[in-house]
Engineer: 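Dumping the structure here so I can ask a few things about it.
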Amino acid sequence: ESSPHLPAPKDVVVYSYNFCSSLRWSPVKVDRGLVLYTVHFKTGAFNQWDEMNCTRITQTECRLPWSLKKRRWMVVLRVRAELGQVASDWVETDPFVAERNTIIGPPKVNSVIESSDSLLISVAPPFGAESGDFFEYHVSYWENATSTTKKETETSNTLFKIGNLKELTLYCFRIQVELMTHSNLQLLGLPSDPECYRTTIS
């Protein structure tokens, strides 16, 4: 039975990064006793609540199981607090669709090879692609002395060159990945931290 005396969890949100998703909430504080939490889910296809792998847990986070990893599925989650036989009201999330609501992280820079007029950069995508996925890399780079003028280039290759650079000059770059899916969705990821390299002398 739900009880007005046990507060419901607050700040209930689905956090999703590179398609790894979890439900998070703030702990419910009580004077004594251990508060446990139970999470349920339902999908857009079936309008009924099901148990997840998070029943009467102590932590304030519940990872979505692999069965819910379909990126296009619409999922609604709910969580309640439980103390002994007493339960709080359920708190429901907004509908969550990973393909629309995930945060895509920056690509990983594997290596940079400097020459007198170019930087050869090797990157890896932030996560493994599904069939039909296509990654586009947006590269912005600038001379460290004149960091106001930035140049942009785009490539779908994981090995690419920034060319026409000056000798013995420090250049910085940052890269964002854009995910194109076969359902024509475009998701722009977070930019990488700037990395700086000096060109060599010819």
Side-chain angles (χ1 to χ4, degrees), residues 2 6-28 35-82 87-110 123-140 152 154-158 174-193:
S2 87
L6 185 61
K10 288 191 169 70
D11 311 315
V12 178
V13 66
V14 181
Y15 177 78
S16 182
Y17 187 83
N18 290 341
F19 294 106
C20 292
S21 309
S22 62
L23 184 69
R24 297 177 177 181
W25 57 91
S26 297
V28 172
V35 177
L36 303 173
Y37 305 96
T38 293
V39 178
H40 288 172
F41 76 93
K42 64 180 178 182
T43 62
F46 298 100
N47 193 20
Q48 69 178 48
W49 292 104
D50 277 314
E51 288 195 356
M52 261 174 36
N53 48 354
C54 299
T55 300
R56 299 182 69 78
I57 59 170
T58 54
Q59 59 269 35
T60 55
E61 178 173 9
C62 174
R63 299 201 107 174
L64 272 63
W66 281 108
S67 57
L68 292 182
K69 284 285 194 287
K70 299 280 186 282
R71 293 182 186 175
R72 289 204 203 99
W73 281 14
M74 191 199 79
V75 182
V76 179
L77 301 156
R78 69 179 186 179
V79 60
R80 75 178 183 186
E82 298 170 12
S88 74
D89 289 333
W90 289 101
V91 182
E92 265 182 52
T93 65
D94 291 332
F96 168 77
V97 181
E99 201 172 57
R100 290 196 210 117
N101 303 119
T102 199
I103 298 164
I104 293 182
K108 179 173 178 283
V109 178
N110 290 329
V123 297
F127 54 88
E130 288 190 353
S131 64
D133 284 352
F134 176 75
F135 290 111
E136 181 98 332
Y137 298 94
H138 298 263
V139 186
S140 62
E152 307 274 334
E154 284 181 15
T155 177
S156 55
N157 297 322
T158 53
R174 66 191 324 166
I175 309 171
Q176 276 173 288
V177 70
E178 186 172 17
L179 170 68
M180 328 264 193
T181 67
H182 55 300
S183 54
N184 292 329
L185 255 171
Q186 291 170 298
L187 285 172
L188 189 61
L190 301 173
S192 62
D193 290 331

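What you are looking at is a predicted structure, and each value in this text was computed from that prediction instead of being measured.
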Engineer: Which heavy atom of Ala8 sits nearest to which heavy atom of Asp89, and what is that distance?
Structural biologist: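 Answer, listing the atom of Ala8 first, then Asp89: CB-O, 3.6 Å.
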
Engineer: If we ignore hydrogens and angles and just use 3.5 Å, is the side chain of Gln176 paired with the main-chain N or O of Gly189 as donor and acceptor?
Structural biologist: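 Answer holds: yes.
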
Engineer: What's the separation between atom CD1 in Ile57 and atom CG in Leu36, rounded to the nearest 0.5 Å?
Structural biologist: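 Answer for the CD1-CG pair, Ile57 versus Leu36, is 9.0 Å.
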
Engineer: Over all heavy atoms of both residues, which pair between Leu23 and Val79 is shortest? Give the atoms and the distance, please.
Structural biologist: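 So the minimum-distance heavy-atom pair works out to CD2-CB, 4.1 Å.
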
Engineer: Which pair of heavy atoms, one from Val76 and one from Glu92, lies closest together, and at what distance?
Structural biologist: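 In this case the closest contact between Val76 and Glu92 is CG1-OE1, 3.9 Å.
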
Engineer: Would you name the heavy atoms of His138 and Leu188 that are closest together and state the gap between them?
Structural biologist: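 Taking every non-hydrogen atom into account, CD2-CD1, 3.9 Å.
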
Engineer: Which is it for Thr43 and Lys70 under the side-chain contact (heavy atoms from CB on, under 4.5 Å) test, yes or no, and what are the steps along the way?
Structural biologist: CA-CA 11 Å; Thr43 62; Lys70 299 280 186 282; over 6 Å; no

Engineer: Which value, rounded to the nearest 0.5 Å, describes the distance between His40 atom NE2 and Thr55 atom OG1?
Structural biologist: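 Spacing of NE2 (His40) from OG1 (Thr55) equals 6.0 Å.
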
Engineer: Is Glu61 close to Arg24 at the side-chain level, that is, under 4.5 Å between some pair of heavy atoms?
Structural biologist: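 SC-SC contact between Arg24 and Glu61 confirmed.
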
Engineer: Any side-chain heavy atom of Leu185 sitting closer than 4.5 Å to one from Arg72?
Structural biologist: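 No, their side chains stay 4.5 Å or more apart.
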
Engineer: Spell out, as yes or no, whether a donor-acceptor pair under 3.5 Å connects the side chain of Asn18 to the backbone of Gly105.
Structural biologist: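 Judged by distance alone, yes, a pair lies under 3.5 Å.
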
Engineer: Taking the side chain as C-beta and beyond, is there a heavy-atom pair between Asn101 and Val14 under 4.5 Å?
Structural biologist: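 No. Closest side-chain heavy atoms not under 4.5 Å.
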
Engineer: Can you spot which of Glu51, Arg80, Glu82 makes a side-chain hydrogen bond (donor to acceptor under 3.5 Å, both in side chains) with Thr38?
Structural biologist: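 Exactly one candidate clears the test, Glu82.
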
Engineer: Counting distance only, does the side-chain N/O of Thr102 pair as donor-acceptor with the main-chain N or O of Phe19 below 3.5 Å?
Structural biologist: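 Yes: the side chain of Thr102 pairs with the backbone of Phe19.
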
Engineer: When rounded to the nearest 0.5 angstrom, what distance separates CZ in Arg71 from CG in Leu179?
Structural biologist: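 That separation rounds to 6.0 Å.
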
Engineer: Without swapping roles, check the side chain of Tyr37 against the backbone of Val28 for a donor-acceptor pair under 3.5 Å.
Structural biologist: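 Present.
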
Engineer: Without swapping roles, check the side chain of Ser192 against the backbone of Ile175 for a donor-acceptor pair under 3.5 Å.
Structural biologist: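 The answer is yes, because a donor-acceptor pair under 3.5 Å joins these two groups.
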
Engineer: Look at the rings of Phe127 and Phe135 and say which category their plane angle falls in: under 30° parallel, 30 to 60° tilted, over 60° perpendicular.
Structural biologist: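 It falls in the perpendicular class, over 60°.
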
Engineer: What is the minimum heavy-atom distance between Glu99 and Leu187, and which atoms define it?
Structural biologist: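 Taking Glu99 first and Leu187 second, the nearest heavy atoms are O-CD1, 3.0 Å.
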
Engineer: Over all heavy atoms of both residues, which pair between Lys42 and Gln48 is shortest? Give the atoms and the distance, please.
Structural biologist: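 Heavy-atom minimum between the residues: CB-O, 3.2 Å.
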
Engineer: Main chain of Leu77, side chain of Thr93: is a donor-acceptor contact present, judged purely on distance under 3.5 Å?
Structural biologist: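 Looks like yes, one N/O pair under 3.5 Å.
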
Engineer: CZ/Arg78 to CH2/Trp90 distance, rounded to the nearest 0.5 angstrom?
Structural biologist: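 Those atoms lie 4.5 Å apart.
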
Engineer: Might you work through the side-chain contact (heavy atoms from CB on, under 4.5 Å) test for Val177 and Tyr137, ending with a clear yes or no?
Structural biologist: CA-CA 5 Å; Val177 70; Tyr137 298 94; 3.7 Å; yes

Engineer: Return the CE to OG distance between Met180 and Ser156, rounded to the nearest 0.5 Å.
Structural biologist: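 Atom-to-atom, Met180:CE and Ser156:OG are 9.0 Å apart.
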
Engineer: Report the distance from atom SG of Cys20 to atom CD1 of Ile103, rounding to the nearest 0.5 Å.
Structural biologist: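 So the gap between those two atoms works out to 12.0 Å.
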
Engineer: State, with a plain yes or no, whether a side-chain heavy atom of Pro9 is found less than 4.5 Å away from one of Thr60.
Structural biologist: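 No - every pair of side-chain heavy atoms lies 4.5 Å or more apart.
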
